[in-house]
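Notes follow the structure.
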2 protein chains.
Amino acid sequence: MLFKQFDLNYDRPAVTKTETGMSKHGQRVLITLRKMIANGELPPGERVAEIPIAERLGVSRTPVRIAFRTLEQEGLLRKGDRRGYTVRAITPTEIADAIEVRGVLEGLAARLASERGISLPARSHLIECLSTGDALFSKGFLTDEDMETYHDFNMRFHNTIIEASRNVAIEDALSRNDHLPFASVSSIAFNRDDMTGEFRRFNFSHMQHHIIFDAIDNGQGARAEALMREHANAALRYTQILGPTQDMPDNFTVIEREDTA
Amino acid sequence: MLFKQFDLNYDRPAVTKTETGMSKHGQRVLITLRKMIANGELPPGERVAEIPIAERLGVSRTPVRIAFRTLEQEGLLRKGDRRGYTVRAITPTEIADAIEVRGVLEGLAARLASERGISLPARSHLIECLSTGDALFSKGFLTDEDMETYHDFNMRFHNTIIEASRNVAIEDALSRNDHLPFASVSSIAFNRDDMTGEFRRFNFSHMQHHIIFDAIDNGQGARAEALMREHANAALRYTQILGPTQDMPDNFTVIEREDTA
DNA sequence: CGTAATCAAATTGGATCCAATTTGGCAAGA
DNA sequence: TCTTGCCAAATTGGATCCAATTTGATTACG
């Protein structure tokens with residue numbers, strides 16, 4: 001997990017995570033390109049060629065070629081008719097679309113988890129996530145560290161329900177959204193200058209978690225589905241914050257999970 | 001589009017479609033590997049290495065490497081912990097899961113199309129698809145050529161609704177399913193030895209198309225969504241036909257669209 | 001002056017070579 | 001006989017080279 005400002009420079013030497021055993025260059029190129037697209041360093045509509053990118057990142061064309069295909073699959077690049085790729089525009093509308101899709105898919109997961117019943121370990125895990133949140137919000141305020149805690153158990157809460165659905169296709173369908181900024185649970189943003197407002201916002205989200213669990217735990221599939229759909233709208237706020245240029249204001253902090261795939 | 005038996009051999013010299021301007025080898029390798037996985041020529045769980053596949057297909061390792069990444073994104077391959085890829089098992093359960101996801105996503109598309117209203121050209125296109133079907137079924141029986149016609153307008157009907165939703169994320173989320181056999185509208189199968197039964201089955205599907213259009217055309221979003229979800233279950237039949245070995249009986253004919261991406 | 005044709009530069013895809021890492025076997029010692 | 005360590009073979013990823021295709025520009029001709 002990463003805790004950072006949004007507008008940091010991504011040109012750092014990428015020292016982290018050399019222990020994975022995976023190829024160094026390939027992963028780094030992929031992650032770097034994702035971020036360059038996400039923050040507009042590669043403007044939407046811009047044509048990207050292999051050679052300039054390879055030189056810019058200091059690698060050969062091979063890992064760049066691999067990364068381009070992957071980014072095309074992820075929807076971040078679009079291949080032209082004849083030659084080359086262009087950066088796909090990630091507009092607030094597209095993010096809102098992706099959030100709506102996520103709500104529907106996670107709603108399906110919640111309904112299936114309700115109908116099929118969740119395992120005891122999964123249930124315990126969800127309860128643990130809820131308790132962690134209760135402890136957080138019972139203080140009456142939120143710190144920056146609390147936000148990281150929230151981000152962590154929020155992600156686990158959602159992933160647990162997706163697993164509990166026992167429908168592997170849901171995770172596959174969601175994996176595309178995971179690479180769009182702010183369209184998945186793997187990234188949240190909050191305004192450091194309005195922590196009171198953010199407390200109320202995230203507390204509301206947490207209360208939704210409670211009633212979603214209640215619905216699932218009582219086998220109320222339709223209720224769980226509707227609540228989870230509504231819960232996804234909590235992320236719609238980011239489409240209001242982000243302008244057309246995708247500039248995140250300086251007083252916002254972004255927490256996101258480091259992409260691995 | 002392709003009209004063929006399911007168990008033909010895919011080792012033919014691949015003469016078709018040289019006019020696309022796209023790379024010959026890369027596309028062919030990708031398509032061939034998809035089919036080899038789909039029909040079990042590469043058994044589930046089997047470890048696939050670059051060199052044997054490259055030699056088997058008569059190309060160098062480069063296009064195979066590209067194809068492996070794409071197939072991993074599509075969910076047909078899974079990469080091992082340390083090295084290599086393994087063929088992901090495509091069980092009837094997984095196909096059923098994917099069909100359920102498709103129903104939910106297309107249901108969302110139908111609801112959005114209802115709520116936002118469809119354009120006049122899209123409406124005309126849907127009506128044209130319905131008329132084509134009416135002409136087909138009014139004969140009282142179906143021929144093999146009719147099935148190809150059905151497959152064609154069925155695909156266009158569904159794609160038109162997805163476009164009419166004006167939510168681009170839906171198409172992205174569905175694109176993964178499109179590569180699973182029988183999980184998308186791009187492939188249908190029918191029993192040549194029971195064309196009477198198939199007539200009734202596809203006629204029912206067509207009637208569903210009618211009421212889905214009616215719901216969309218009247219702005220009944222919830223109804224359209226529910227109907228489209230139910231409509232997806234028509235594909236669930238394939239999970240009954242396909243055994244655990246994914247063997248399609250000889251008396252079944254499969255119509256599927258040639259994969260391009 | 002405009003249009004078409006040809007040629008050069010750029011870009012992409014495939015093949016091959018090289019380095020790095022892992023896997024598996026074989027041998028030696030406890 | 002079992003375990004451990006080392007070496008070789010295999011596999012993968014990156015870099016470079018080569019071929020094919022496209023773009024665009026310049027020139028020549030109408």
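Numbered from 1 within each chain, the chains take letters A, B, ... in sequence-line order.
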**Prompt:** Is there side-chain contact between A:Met147 and A:Thr253, with at least one heavy-atom pair below 4.5 Å?
**Reply:** no
**Prompt:** So, for A:Ser165 and A:Arg116, which heavy atoms are closest and what is the spacing to 0.1 Å?
**Reply:** O-NH1, 2.8 Å
**Asked** Just to confirm, is there a sub-4.0 Å distance from OP1 or OP2 of D:dG13 to any side-chain nitrogen or oxygen of B:Arg69?
**Response** yes
**Message:** Using OP1 and OP2 only, check whether a side-chain N or O of B:Ser60 sits under 4.0 Å from C:dA15.
**Reply:** yes
How close or far is atom [atom2] of [N] from atom [atom1] of [X], stated in whole angstroms?
{"X": "B:Gln27", "N": "C:dG14", "atom1": "CD", "atom2": "P", "result": "9 Å"}
{"X": "A:Arg47", "N": "D:dG24", "atom1": "CZ", "atom2": "P", "result": "8 Å"}
{"X": "A:Glu55", "N": "C:dT12", "atom1": "CD", "atom2": "P", "result": "12 Å"}
{"X": "A:Arg61", "N": "D:dG14", "atom1": "CZ", "atom2": "P", "result": "14 Å"}
{"X": "B:Ile51", "N": "C:dT22", "atom1": "CD1", "atom2": "C1'", "result": "14 Å"}

**Message:** Using a strict threshold of under 4.0 Å (side-chain N to carboxylate O), is an ion pair present between A:Glu256 and A:Lys35?
**Reply:** no
**Request:** Report the residue (A:Val48 or B:Arg83) whose heavy-atom-nearest nucleotide on DNA chain C is the more 5′ of the two.
**Result:** A:Val48
Let's see if you can work this out: which of [options] has an atom nearest to the side-chain heavy atoms of [X]?
{"X": "B:Val59", "options": "D:dG13, C:dT12, C:dA15", "answer": "C:dA15"}
{"X": "B:Pro63", "options": "C:dA15, C:dG13, D:dT12", "answer": "C:dA15"}
{"X": "B:Thr62", "options": "D:dT11, C:dA15, D:dG13", "answer": "C:dA15"}

**Identified side-chain contact (heavy atoms from CB on, under 4.5 Å) counterpart of B:His151 within the set B:Asp146, B:Val185, B:Ile188** = B:Ile188
**Asked** Does B:Arg65 make a side-chain donor-acceptor contact with the base of C:dG14, cut-off 3.5 Å?
**Response** no
